[in-house]
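Single-structure report; data block below.
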Amino acid sequence: MNNINSWNAEETKGTFLPNEFAYIMDYILSNENINKSDISKIESLDIGDKKLKPDVVIKLYLADNITVKEIGISIKSSGTEKVSFHERKAEDFIRVLKIKSEDVQNALIHFQEVKSVKNLLKNEQISLTKYFSDPDNKRKLVTWAVSGEETDEYCAEYVLSHHYENDGDSLGIKIVSANEYIDQIVSQDDSRTFNSGFSWTYKGVIQLKGPML
């Protein structure tokens, strides 16, 4: 840990090398206001196939031998400008977002049935656009898509983006807090599906695609 002093990840090929680890940990420790000297051990958790937002969960054991911080990191790895964020059933949208409007509920269920925005009725598209144009509703959706549900065992506090070309060469990584990523998506123009911050498709479930960092 004493050798971790780099603030920039260099471009490399293959698996993460010490400079990437330094960049990731420096950012997290600075954001969490933790000194390197206060850490006694770092572990990664095997969260298996829980279908939670974090792809990696790390445990930071502090030197007091009492405090343990668990930090979830979502990893977006792609060679395109948009990446999949969320894959859920319409019923999950209704439950998690606590949607009370029957018009919006019916529109989500119908979207799941017809599997395409263009197949929705005009009034259904209007209902969904009106709902997600509300700043609070939009932020709830984006927060769920980026970080996960509040009641999940682990949520993502950070998002790590890994850009690559079609041949798999690494073009670099970037890490930000989940809150910063959420703010970026929420502040986008409203040209995306239903003004929700995401493009909507259907592949067995409702799929939301959003921007890479």
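Worth saying up front: this structure is predicted, and the values here are computed from it rather than measured. Counting from 1, the numbers follow the sequence of the chain as shown.
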Residues that F85 engages under ring-ring contact (aromatic ring centres under 6.0 Å, His included), provided they are two or more places apart: Y181, F198
Within one Ile-Leu-Val-Met-Phe-Trp-Tyr cluster: L121 and V104, side-chain cutoff 4.5 Å: no
Side chains of V159 and I73 in contact at under 4.5 Å (non-hydrogen atoms): no
Side-chain heavy-atom pair K76, S74 within 4.5 angstrom cut-off: yes
D152: side-chain hydrogen bond (donor to acceptor under 3.5 Å, both in side chains) partners, not counting sequence neighbours: none
Remaining members of hydrophobic cluster (4.5 Å side-chain criterion), V57: L45, I47, L52, Y154
Closest non-hydrogen atom pair between H86 and A145, with its separation: ND1-CA, 3.6 Å
Q184: partners by side-chain hydrogen bond (donor to acceptor under 3.5 Å, both in side chains), with sequence neighbours left out: none
All pairs passing salt bridge (Lys or Arg N to Asp or Glu O under 4.0 Å) where residues 53-74 contributes a residue, at least two apart: E32-K69
Nearest non-hydrogen partners of K82 and S199, listed with the distance: NZ-OG, 3.1 Å
Pairs satisfying ring-ring contact (aromatic ring centres under 6.0 Å, His included), at least one member in residues 107-126, at least two apart: F111-W200
Derivation and outcome, side-chain contact (heavy atoms from CB on, under 4.5 Å), residues I206 and R88: CA-CA 5 Å; I206 297 174; R88 295 291 188 275; 5.9 Å; no
Q112 vs Y202, side-chain contact (heavy atoms from CB on, under 4.5 Å): CA-CA, chis, key distance, verdict: CA-CA 7 Å; Q112 185 166 258; Y202 189 87; 3.8 Å; yes
Sequence-distant partners of K41, salt bridge (charged side-chain N to carboxylate O under 4.0 Å, His left out), two or more places apart: E43
Non-hydrogen atoms of G148 and C155 that approach each other most closely: C-SG, 4.4 Å
Over 12 foreign heavy atoms within 6.0 Å of NZ, K115: yes
Non-hydrogen side-chain atoms of L60 and I34 separated by less than 4.5 Å: yes
For S187, all residues meeting side-chain contact (heavy atoms from CB on, under 4.5 Å), sequence neighbours excluded: none
Passing option when F194 is tested against L141, V117, I126 for side chain to side chain contact (heavy atoms under 4.5 Å, CB included): V117
Sequence neighbours excluded - side-chain hydrogen bond (donor to acceptor under 3.5 Å, both in side chains) pairs with any residue from residues 97-107: none
Side-chain heavy-atom pair L97, Y131 within 4.5 angstrom cut-off: yes
From I175, I173, L160, residue fulfilling side chain to side chain contact (heavy atoms under 4.5 Å, CB included) relative to I75: L160
Heavy-atom pair with the smallest gap, counting every atom of G197 and I185: O-CG2, 3.6 Å
V68 vs L62 side-chain heavy atoms within contact, under 4.5 Å: no
E87: partners by salt bridge (charged side-chain N to carboxylate O under 4.0 Å, His left out), with sequence neighbours left out: none
Pairwise side-chain contact, I109 with E91, heavy-atom cut-off 4.5 Å (strictly under): yes
side-chain hydrogen bond (donor to acceptor under 3.5 Å, both in side chains) involving S133 - partner list, sequence neighbours excluded: N195
Shared hydrophobic cluster for I94 and F132 (ILVMFWY, side-chain gaps under 4.5 Å): yes
Any side-chain heavy-atom pair of I71 and Y158 under 4.5 Å: yes
Path from V205 to V96 over hydrophobic side-chain contacts below 4.5 Å: no
Qualifying side-chain hydrogen bond (donor to acceptor under 3.5 Å, both in side chains) pairs, either residue in residues 138-151, two or more places apart: R95-E149, K138-D190, R139-D183, E149-T151
Side-chain heavy-atom pair I39, I42 within 4.5 angstrom cut-off: yes
Point-to-point distance, once rounded to the nearest 0.5 Å, from CD1 of I24 to CG of L29: 11.5 Å
Where I58 and M25 come nearest, the two heavy atoms and their spacing: CD1-SD, 4.1 Å
Whether Q125 side chain and K122 backbone form a donor-acceptor pair below 3.5 Å: no
Backbone N/O of Y27 and side chain of S30: donor-acceptor pair under 3.5 Å: no
Non-hydrogen atoms of Q188 and P211 that approach each other most closely: OE1-CG, 3.2 Å
